[in-house]
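Notes follow once the structure below has been shown.
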Amino acid sequence: MAKTKRLCTLLCRLMALGATVSAAIVMATSHEKANFYSVSFEAKYSHTPAFKYFMIANAIVSVYGVLVLFLPSESLLWRLVVALDVVFTMLLTSSISAALAIAQVGKHGNSYAGWLPICGQVPNYCGHVKGALAAGFIGVILYLLLILYSIHSVLDPLLLRKN
């Protein structure tokens, strides 16, 4: 039974790692050049602080995910991992929230501020951003599941474990 639990946790952590690595890589490779009425411009993730934050947060969580994979199952550090899972899940949540807000402005613009939508001029860039946000959202969901599973198995909130 313990091996089954360890295998489920390992599988979920590997999927979360894959999602966060994918989100970081796809966001980092998002760029496109376009001409708009003889004005040339370039859309890159690094031109937007929210997208940079999203990419860096996913990279940090990916490194954390790799480190946790090598933690022995008998270690007492798993209680710390539960707390760090919560911290990194909140980091992912805040970064995806900021990136989604900017993506919304990029797609629809903001008529009150006079910002025009750019996705009509740079559709490949917007597609990359959309893919990165989807992978990041999957990563957040997987980390939320890991938190719930860790609270249940490591901390045993209902004290059902028999000694």
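What you see is a predicted model; the values in this text were computed from it and never measured. We number each residue from 1, following the sequence as shown. All values below come from the heavy atoms of this structure, side chains included, with hydrogens, waters and symmetry mates left out.
- Closest approach of Arg6 and Leu69 over heavy atoms only: NH2-O, 4.0 Å.
- Taking a 6.0 Å sphere around CG of Leu76, one finds it holds 12 or fewer heavy atoms contributed by other residues, nucleotides or ligands.
- For the pair Met27/Asn58, no side-chain contact is recorded, criterion being any heavy-atom separation below 4.5 Å from C-beta on.
- Linking ILVMFWY side-chain heavy atoms closer than 4.5 Å, directly or via other members, places Leu17 and Phe88 in two distinct hydrophobic clusters.
- Note: the hydrophobic cluster containing Leu71 also contains Leu80 (ILVMFWY, side chain heavy atoms under 4.5 Å, direct or indirect links).
- Atom CG of Leu84 is separated from atom CZ of Arg79 by 14.5 Å, given to the nearest 0.5 angstrom.
- Interatomic distance, CG of Asp85 versus CG of Leu145, reported as 11.5 Å (0.5 Å rounding).
- Cluster membership for Met15 and Ile25, using ILVMFWY side-chain heavy atoms within less than 4.5 angstrom, is not shared.
- Atom OH of Tyr53 has more than 12 heavy atoms from other residues, nucleotides or ligands within 6.0 Å.
- In this structure, the side chains of Glu32 and Pro123 come closer than 4.5 Å at one or more pairs of heavy atoms.
- Rounding to the nearest 0.5 Å places NZ of Lys44 at 8.5 Å from NZ of Lys33.
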In a table with atom names and distances, give each donor-acceptor pair under 3.5 Å that connects a side chain of residues 97-115 to protein atoms at least two apart or in another chain.
unit_1, atom_1, unit_2, atom_2, d
Ser97, OG, Thr93, O, 2.8
Asn110, OD1, Tyr112, N, 3.0
Asn110, OD1, Ala113, N, 3.3

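- Linking Ile, Leu, Val, Met, Phe, Trp and Tyr whenever their side-chain heavy atoms come within less than 4.5 Å leaves Val26 and Ile138 in two separate clusters.
- For the residue pair Ala135 and Ser22, the shortest heavy atom distance occurs at CB-CB, 4.2 Å.
- Using a 4.5 Å heavy-atom cutoff, the side chains of Leu142 and Cys12 are in contact.
- Contact annotation: the side chain of Val129 never approaches that of Tyr45 to less than 4.5 Å [non-hydrogen atoms, C-beta and beyond].
- Ser62 places a side-chain N or O within 3.5 Å of a backbone atom of Val21 that can act as its donor or acceptor partner.
- Rounded to the nearest 0.5 Å, atoms OG (Ser30) and CE (Met55) are 9.5 Å apart.
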> Could you go step by step and tell me if Leu10 and Leu14 meet the side chain to side chain contact (heavy atoms under 4.5 Å, CB included) rule?
Replying inline: CA-CA 6 Å; Leu10 180 67; Leu14 282 173; 4.2 Å; yes
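- Following chains of ILVMFWY side-chain contacts shorter than 4.5 Å, one can reach Tyr143 starting from Leu133, so the two form part of one hydrophobic cluster.
- Proximity of Ile118 to Tyr125: side-chain heavy atoms (C-beta onward) are separated by under 4.5 Å at one or more points.
- Scanning both residues, Ala34 and Gln121, for their nearest heavy atoms gives CB-O, 3.5 Å.
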>> For Leu91 and Val87: C-alpha separation, side-chain torsions, deciding distance, then whether side chain to side chain contact (heavy atoms under 4.5 Å, CB included) applies.
In response: CA-CA 6 Å; Leu91 177 68; Val87 169; 5.7 Å; no
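- For the pair Ile96 and Gly136, the tightest heavy-atom approach, listed with the atom from each and the gap, is CD1-C, 3.6 Å.
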